[in-house]
Asks: 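Please find one structure pasted underneath; my questions will follow.
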Amino acid sequence: EVAPPKAMEVRVKILYTSLCHTDVYFWEAKGQTPVFPRIFGHEAGGVVESVGEGVTGLAPGDHVLPIFTGECGECAHCKSQESNMCDLLRINTDRGVMIGDGQSRFSINGKPIYHFLGTSTFSEYTVIHVGCLAKINPSASLDKVCVVSCGISTGYGATVNVARPPKGSTVAVFGLGAVGLAAAEGARASGASRIIGVDLNPSRFEGAKKFGVNEFVNPADHKKPVQEVLAEMTNGGVDRSIECTGNINA
């Protein structure tokens, strides 16, 4: 059972959701306080079914993407150009309830089922704080743009907003999964002239060319550390290096 939305909340019918590796990580209960039973999922696209009191920017029928790092629009972080770590809606992997009243909107026979990242998209209907939803153009295909709510925005945003490679610069992208490919696309959009993809899986290289990667390095092909290989390739080192593996060794 999915309860109606309360103040500043929206109930969304999820039409498409992807499986991000983060969902698997928390399902396996690695590295954090396990919260079960729980509905995972955070990379999705859907349509607004109903809205709670105080919601003005969204209406039933609107197409939306859930955002796990929300924006209240009022705090110092939301008003800053330097950070998006909202005081109210910043990512909290331990919280399994809604911010408004500390209760879950999911239940089975009266017993609560907990939320995940404020989104819980592995459910046909979910309830999300309005600050964790982005309204999108209804002509965009939800089965395609659902990945923009996590993997694509993560890699692209990290490159364009944080790394900010200058035009003509050289960029190395470690890891050519969804986030890494988006990072490469961000480097291309920024005008980087050399985009070097680094990955242990050579089958990823061909597809990465579509996202602007024009050189490839497989660390397994070299006896020396990959950073030394990159330094030799670029006469001293790349201008920007973007790590998209989530592996602390990288």
Side-chain angles (χ1 to χ4, degrees), residues 1-18 20 22-23 26 32-33 35-108 110-138 140 142 145-150 152-154 157 161:
E1 296 180 1
V2 184
K6 294 189 177 182
M8 302 307 292
E9 297 174 0
V10 178
R11 189 159 61 183
V12 177
K13 182 174 184 178
I14 299 294
L15 298 182
Y16 297 94
T17 185
S18 355
C20 174
T22 299
D23 296 303
F26 282 92
Q32 90 290 339
T33 305
V35 180
F36 294 112
R38 198 174 204 181
I39 296 175
F40 292 105
H42 63 281
E43 188 175 37
V47 177
V48 173
E49 181 268 338
S50 59
V51 301
E53 180 184 352
V55 175
T56 57
L58 292 173
D62 284 345
H63 287 207
V64 291
L65 300 178
I67 306 296
F68 55 85
T69 300
E71 298 179 11
C72 72
E74 300 296 328
C75 71
H77 284 284
C78 284
K79 292 180 178 179
S80 168
Q81 295 296 311
E82 301 300 321
S83 168
N84 69 335
M85 299 303 291
C86 175
D87 287 339
L88 178 67
L89 300 171
R90 70 174 61 192
I91 187 170
N92 183 340
T93 58
D94 290 335
R95 187 178 64 240
V97 294
M98 299 301 292
I99 285 178
D101 63 358
Q103 301 294 316
S104 173
R105 300 292 174 261
F106 302 114
S107 64
I108 294 179
K111 295 183 179 181
I113 307 296
Y114 296 106
H115 296 249
F116 177 64
L117 296 183
T119 53
S120 291
T121 63
F122 293 170
S123 173
E124 186 175 6
Y125 289 91
T126 187
V127 177
I128 300 175
H129 191 283
V130 66
C132 292
L133 288 167
K135 182 179 177 180
I136 64 170
N137 191 320
L142 284 170
V145 300
C146 62
V147 293
V148 176
S149 78
C150 176
I152 303 303
S153 57
T154 299
N161 296 325

Asks: Identify each donor-acceptor pair in which a side-chain atom of residues 126-133 lies under 3.5 Å from a protein atom, sequence neighbours left out, and give them as a table.
Replies:
from : atom 1 : to   : atom 2 : distance (Å)
T126 : OG1    : T119 : O      : 2.7
T126 : OG1    : S120 : O      : 3.1
H129 : ND1    : G131 : N      : 2.9

Asks: Is E49 paired with K13 through a side-chain N to carboxylate O contact shorter than 4.0 Å?
Replies: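 Result for this pair is no, no salt bridge flagged.
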Asks: Listed by chain and number, what are the ring pair (Phe, Tyr, Trp, His ring centres under 6.0 Å) partners of F40, not counting sequence neighbours?
Replies: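 So F40 forms a ring pair (Phe, Tyr, Trp, His ring centres under 6.0 Å) with F116.
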Asks: Anything under 3.5 Å between a donor and an acceptor, one on a side chain of residues 50-74, the other on a protein residue two or more places apart or in another chain? List them.
Replies:
from : atom 1 : to  : atom 2 : distance (Å)
D62  : OD2    : A59 : N      : 2.8

Asks: What's the spacing between L117 CG and T22 OG1 if we round to 0.5 Å?
Replies: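 The CG atom of L117 sits 7.5 Å away from the OG1 atom of T22.
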Asks: Just to verify, what does T154 make a side chain to side chain donor-acceptor pair (under 3.5 Å) with, not counting sequence neighbours?
Replies: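 Result, side chain to side chain donor-acceptor pair (under 3.5 Å) vs T154: none returned.
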Asks: Who pairs with D94 by side-chain contact (heavy atoms from CB on, under 4.5 Å), at least two apart in sequence or on another chain?
Replies: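 In terms of side-chain contact (heavy atoms from CB on, under 4.5 Å), with neighbours along the sequence ignored, D94 is linked to Q32, T33, N92.
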Asks: Can you name the side chain to side chain donor-acceptor pair (under 3.5 Å) partners of R38, sequence neighbours left out?
Replies: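 Here no residue qualifies.
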Asks: Can you list everything that forms a salt bridge (charged side-chain N to carboxylate O under 4.0 Å, His left out) with E9? Sequence neighbours excluded, please.
Replies: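 Result, salt bridge (charged side-chain N to carboxylate O under 4.0 Å, His left out) vs E9: R105.
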Asks: Can you check whether P37 reaches I113 side chain to side chain, under 4.5 Å on heavy atoms?
Replies: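 They are in side-chain contact.
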Asks: Apply side chain to side chain donor-acceptor pair (under 3.5 Å) to D23 and list each qualifying residue two or more places apart in sequence or on a separate chain.
Replies: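 So D23 forms a side chain to side chain donor-acceptor pair (under 3.5 Å) with H42.
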Asks: Passes side chain to side chain contact (heavy atoms under 4.5 Å, CB included), V145 versus N137? Steps please.
Replies: CA-CA 10 Å; V145 300; N137 191 320; over 6 Å; no
Asks: Mind checking what makes side chain to side chain donor-acceptor pair (under 3.5 Å) contact with S83, not counting sequence neighbours?
Replies: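 Partners of S83 under the side chain to side chain donor-acceptor pair (under 3.5 Å) test: H77.
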Asks: How would you list all residue pairs meeting salt bridge (Lys or Arg N to Asp or Glu O under 4.0 Å) that involve residues 76-92, not counting sequence neighbours?
Replies: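 Listed once each, the pairs are D87-R90.
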Asks: How many angstroms lie between atom CG of L89 and atom SG of C78, to the nearest 0.5 angstrom?
Replies: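 Those atoms lie 7.5 Å apart.
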Asks: Contact between T121 and V12 at the side-chain level, heavy atoms closer than 4.5 Å - yes or no?
Replies: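 No, side chains not in contact.
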Asks: Please report the closest heavy-atom contact between C146 and G45, naming both atoms and the distance.
Replies: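 What the structure gives for the nearest pair is CB-N, 3.7 Å.
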Asks: Taking side-chain contact (heavy atoms from CB on, under 4.5 Å) as the definition, give me every residue that meets it alongside P112, ordered by chain and number, with sequence neighbours left out.
Replies: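 Testing P112 for side-chain contact (heavy atoms from CB on, under 4.5 Å), a comparison that skips the adjacent residues, returns S104, Y114.
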Asks: Suppose we screen for ring pair (Phe, Tyr, Trp, His ring centres under 6.0 Å). Which residues come up paired with F106, at least two apart in sequence or across chains?
Replies: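 F106 satisfies ring pair (Phe, Tyr, Trp, His ring centres under 6.0 Å) with H115 only.
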